[in-house]
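Since the structure comes first, as structure tokens, the remarks are kept for the end.
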Amino acid sequence: MSDDLHHGFATRAIHLGYDPLDEQGALSPPLYLTSTYTQDSIEAFDQIRLGEKQGYVYGRTRNPTQALLEERLASLEGAEAGVVTASGMAAISATLFSLLKSGDEIVVDQIVYGTAFTLFTQGLTRFGVTAVFADFTRPETVAAAIGPNTRAVYFETPANPNLRLVDIAAVSAIARAKGLLTIVDNTFATPVLQRPIEHGADIVLHSATKYLGGHGDLLAGAVLGRKEHIDAIRLQGLRYFTGATLSPFTAFLVLRGIKTLELRVQRHSESALKVAKLLREHRNVADVFYPGLAGTAGADIALRQQAAGGGLVAFELKGGLTAGRTLLNSLKLARIAVSLGDPETLIQHPASMTHASYSAEDREKYGLSEGLLRLSVGLETPEDILADLKQGLDRV
Ligand SMILES: C/C=C(/N=C/c1c(COP(=O)(O)O)cnc(C)c1O)C(=O)O
């Protein structure tokens, strides 16, 4: 098949960049389990080192199985290039270590994944990089937070864990006007629903652990963007800052995962919308957060930049955390666990689990409610998911 970029999303996710006839007709791409590569002469190594010819030297920075995944993910996100990493946090840290230096500042949305928050508040600070937090749902506060040493802006949309939405076009326009990079973590929406580069972002990050792998059986990350940035992240962030290389076998599993990404995200979204509507109608539910749900904050942004709401739903009960703990312990199908994007429905309490690294003061300051619950709606029969949730809600 010609690598025709005009093919649809699913066709590119399944076929792009690989012709079975180049590999004895093997329909599934080969898995290159090798740590090093040889060439037929020392001059060939010189040519690779000098960039005069493409080639492989050592597995920490490049591998053919990873390369196919990088090409496909770049295409799905509409990016020029990509690099895969051992985890989502590896993608984030390799990116930030490659693009920032001591004395730089980065403006960060106040609601991000808890461990990313820790990297900004406790990790990068050791190396002289300062994170300035702002409320990205109000782009004017982003502009106000930008100073002479700011190099980039960073956010997730929908954000982990309360699914608040950021207007990518508005924020990236502010950043671009000041010569700054816009870095967007697209883990929750996936490129099926939203491609941040189309709205002005420069760099897109993923925890491929989640929807891209899609089966709760691996850890992986990815960075997509312009070749100049991806090369820097590969040859600095991966090669000597973190060494956080994705195993070829895991790259093979993510290649398999993305073949059904479009189908899975559509089903996750359909079921999550049904869950959001059930929650909104239930007498014991105080608030529901779901991108695009009529009447919820940011619904206009969701309609502008997302094709559907995605598989995550966040909500609060009228009985607060006490009721939340009762609910968590009463569900029979949904499992209490961190992570998301699995076939299994997962539920968790951010304040004591994924966002425990936010202090109580920070949670208060940044609007992360103590009673918030986050549900990753799985691929089970929707009626079973709804029945399980209802029996639990009726008890709280
Ligand atoms: C337990 C993990 C959760 N999240 C992770 C995560 C990462 C980090 O991704 P690795 O876990 O390093 O692959 C990056 N970016 C986003 C928006 C994330 O949600 C969780 O929330 O449940």
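Indexing begins at 1, ligand by ligand and atom by atom, following the structure's order.
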Counting heavy atoms only, which of Val338, Thr187, Leu346, Leu340 is nearest atom 1 (C) of ligand 1?
Val338
With Lys390, which of Asp388, Asp394, Leu386, Leu393 fulfils side chain to side chain contact (heavy atoms under 4.5 Å, CB included)?
Asp394
Could you list which atoms of ligand 1 come closer than 4.0 Å to a heavy atom of Arg374?
20 (C), 21 (O), 22 (O)
For atom 12 (O) of ligand 1, grab the closest protein heavy atom and report residue, atom and distance to one decimal in Å.
Met89 N, 2.9 Å
Please verify whether a non-hydrogen atom of His206 lies at under 4.0 Å from ligand 1.
no
What residue and heavy atom of the protein are closest to atom 6 (C) of ligand 1, and at what distance?
Tyr113 CD2, 3.4 Å
Considering the heavy atoms of Phe188, write down every atom of ligand 1 situated less than 4.0 Å from one of them.
19 (O)
Atoms of ligand 1 close to Thr354 [distance to a heavy atom under 4.0 angstrom, numbered from 1]:
20 (C), 21 (O), 22 (O)
Any ion pair linking Asp109 and Arg164 (charged N to carboxylate O, less than 4.0 Å)?
yes
Any side-chain heavy-atom pair from Lys332 and Gln391 closer than 4.5 angstrom?
yes
shortest atom 10 (P) of ligand 1-to-protein heavy-atom contact is with Gly88 N, 3.4 Å
Out of the candidates Val204, Thr182, Leu224, only one should pair with Pro196 under the side chain to side chain contact (heavy atoms under 4.5 Å, CB included) rule; please name it.
Val204
With atom 9 (O) of ligand 1 as the reference point, say which of Ser87, Ala208, Ser207 has the nearest heavy atom.
Ser207
Give the residue and atom name of whichever protein heavy atom lies nearest to atom 11 (O) of ligand 1, and the separation in Å to one decimal.
Lys210 NZ, 3.4 Å
Decide whether the shortest distance between a heavy atom of Met353 and an atom of ligand 1 is less than 4.0 Å.
no
Suppose we measure from atom 19 (O) of ligand 1 to each protein heavy atom; which comes out shortest, and what is that distance?
Asn160 ND2, 2.9 Å
Determine whether Leu218 and Phe249 make a side-chain contact, defined as any pair of heavy atoms from C-beta on separated by less than 4.5 Å.
no
Leu76 pairs by side chain to side chain contact (heavy atoms under 4.5 Å, CB included) with which of Arg195, Arg12, Glu262?
Arg12
Go through it in stages, so that I can follow the logic: the residues are Thr187 and Glu156, the test is side-chain hydrogen bond (donor to acceptor under 3.5 Å, both in side chains), and I'd like the CA-CA distance, side-chain angles, deciding distance and then a yes or no.
CA-CA 8 Å; Thr187 299; Glu156 301 165 4; over 6 Å; no
Does any N or O in the side chain of Arg62 come within less than 3.5 Å of the main-chain N or O of Tyr56, such that one atom is a donor and the other an acceptor?
no
Quick check on Lys277: does its NZ atom have over 12 non-hydrogen neighbours (other residues, nucleotides or ligands) under 6.0 Å away?
no
Among all protein heavy atoms in this structure, tell me which lies nearest to atom 16 (C) of ligand 1, with the distance rounded to 0.1 Å.
Asp185 OD2, 3.5 Å
Among protein heavy atoms, which lies nearest atom 22 (O) of ligand 1, and at what distance?
Ser339 N, 2.7 Å
min-distance protein heavy atom vs atom 13 (O) of ligand 1 -> Thr209 OG1, 2.6 Å
Which of the numbered atoms in ligand 1 are below 4.0 angstrom from a heavy atom of Glu156?
17 (C)
Can you establish whether the number of heavy atoms outside Leu27 located under 6.0 Å from its atom CG is more than 12?
no
